[in-house]
Amino acid sequence: MVDTLGVAVIGFGWMGRVHTQAYARVRHHYPHLPLVPELVTVAEEVPGRAEEAAAQFGFASTTRDWREVAADPRVQAVSITAPNFLHREIGVAMAEAGKHIWIEKPVGLTAEDAGAVADAVARAGVQGAVGFNYRNAPAVEAARELIASGEIGTVTHARVRLFSDYAAHPEGALTWRYERERGGSGVLGDLASHGVDLARHLLGDITSLTADTAVFLPERARPTSATAGHSRAAGGELGPVENEDYVSCLLRFSSGARGVLEACRVSVGEQNNYGFEVHGTKGAVFWDFRRMNELGVSRGTTYQDQSVTTVYVGPGHGEFAAFQPGAANAMGYDDLKVIEAYRFLRSVAEGTAHGATLTDAVRSAAALDAMARSARSGTWADVAGKA
């Protein structure tokens, strides 16, 4: 028997659209999923945007006030894709209303915010999923299994990079993303949060770190109307950029491994250059998001001059078989969110968490808070507490 699950989407920018498309596609790829998501309502404060979403995707109703979603008995699960500064308030309210939540990262602006949402989810006994989508790539899952199996030996060191140019244009509008009160720690929350999750997913907990941050474009023009994505605002009144464009960080893991994490939102010439290199005593593994379905693997007993083989992921890796029938058939970004939707809905159906959880969000946020403390103090910071 297949049950219907009433879902709502709060915030209909690009990520709200991605969540909605994932709900629409999930049963195509996972036909045995015992829940069919039904698009009940979409909440968006920008005039006309919710109505456009309803017309395109078939939401039964619209609202400009997300609080109406909490009171709507038709809604059993909610995607929270509003701006970062609203995540804590909305997440707690939805959990307290008994709604399961699929919330985008970062879950609030601090580890305290993420913890508040996690506590609300635990108290309510609902499921909570977090949008750490890159861990869902079949190649990343293959890398995790390879590392755990010991095929590259004991991990010695790793590098995680997240370089993008989405904020590189000097005419980029001064939206909430660049304000400390609403956008939090800038590139730390936007990109480094993904990097921390990848590092933890592959190598285990981070115990301490030291970080350096910088703002390279200190002023931007204020927008004169509603913005979407990364709009430009040439000629507007200039205002200060209050949060970070760049972070570099040295990491220490509980295993004894060392790491380097670097993220930047103003890297001219870099479009979604996200990936990692993990080195062990017998080999290494390499992944580049821009070649999402490939994995570079070096293993054996040669050590010096040991070759690297390109592995094309296939049906035996992660969730690949739900999308393609054979190796080297490409998957894309939106497919990763379909996997997320599947794991979220499966969690709701079974009452057991699958995929990234609020616990992962809290631990990621603790590392981001430690980065901010370290950058201010110029010293090493303990991820579990203050330096």
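Given the structure is predicted, the values throughout are model-derived calculations rather than measurements.
Taking the six-membered ring wherever Trp is involved, the centroid distance between the rings of Trp14 and Tyr333 falls below 6.0 Å.
Two residues are said to be in side-chain contact when any heavy atoms from C-beta on lie closer than 4.5 Å; Val117 and Ile101 meet this criterion. No side-chain heavy atom of Val40 sits under 4.5 Å from any side-chain heavy atom of Val7. With contacts defined as side-chain heavy-atom distances shorter than 4.5 Å, the pair Glu181/Trp176 does not qualify. Contact annotation: the side chain of Phe59 approaches that of Phe12 to within less than 4.5 Å [non-hydrogen atoms, C-beta and beyond].
With sequence neighbours excluded, no residue satisfies ring-ring contact (aromatic ring centres under 6.0 Å, His included) with Tyr312.
Electrostatic pairing of Glu52 and Arg17 does not count as a salt bridge here, judged by no charged N lying under 4.0 Å from a carboxylate O. Of the charged side-chain nitrogens involved, at least one lies within less than 4.0 Å of a carboxylate oxygen, so that Glu141 and Arg343 count as a salt-bridged pair. For the pair Glu242 and Arg182, the salt-bridge criterion is not met [side-chain N within less than 4.0 Å of a carboxylate O]. Using a 4.0 Å cut-off between charged nitrogen and carboxylate oxygen, Glu270 and Arg265 do not count as a salt-bridge pair. Salt-bridge formation is detected for the pair Asp288/Arg161: a Lys NZ or Arg NE/NH1/NH2 atom is positioned less than 4.0 Å from an Asp or Glu carboxylate oxygen.
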Report, one line per pair, each donor and acceptor closer than 3.5 Å where one atom sits in a side chain of residues 120-133; sequence neighbours left out.
| residue | atom | partner | partner atom | Å |
| --- | --- | --- | --- | --- |
| Gln127 | NE2 | Gly351 | O | 3.4 |

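Taking OG1 of Thr310 as the start and CD of Glu294 as the end, the distance is 6.0 Å to the nearest 0.5 Å. Once rounded to the nearest 0.5 Å, the distance linking CD1 of Ile339 with CZ of Arg135 reads 12.5 Å.
Across His201, Met371, Arg363, Lys105, a single residue satisfies side-chain contact (heavy atoms from CB on, under 4.5 Å) together with Val196, and that is Met371.
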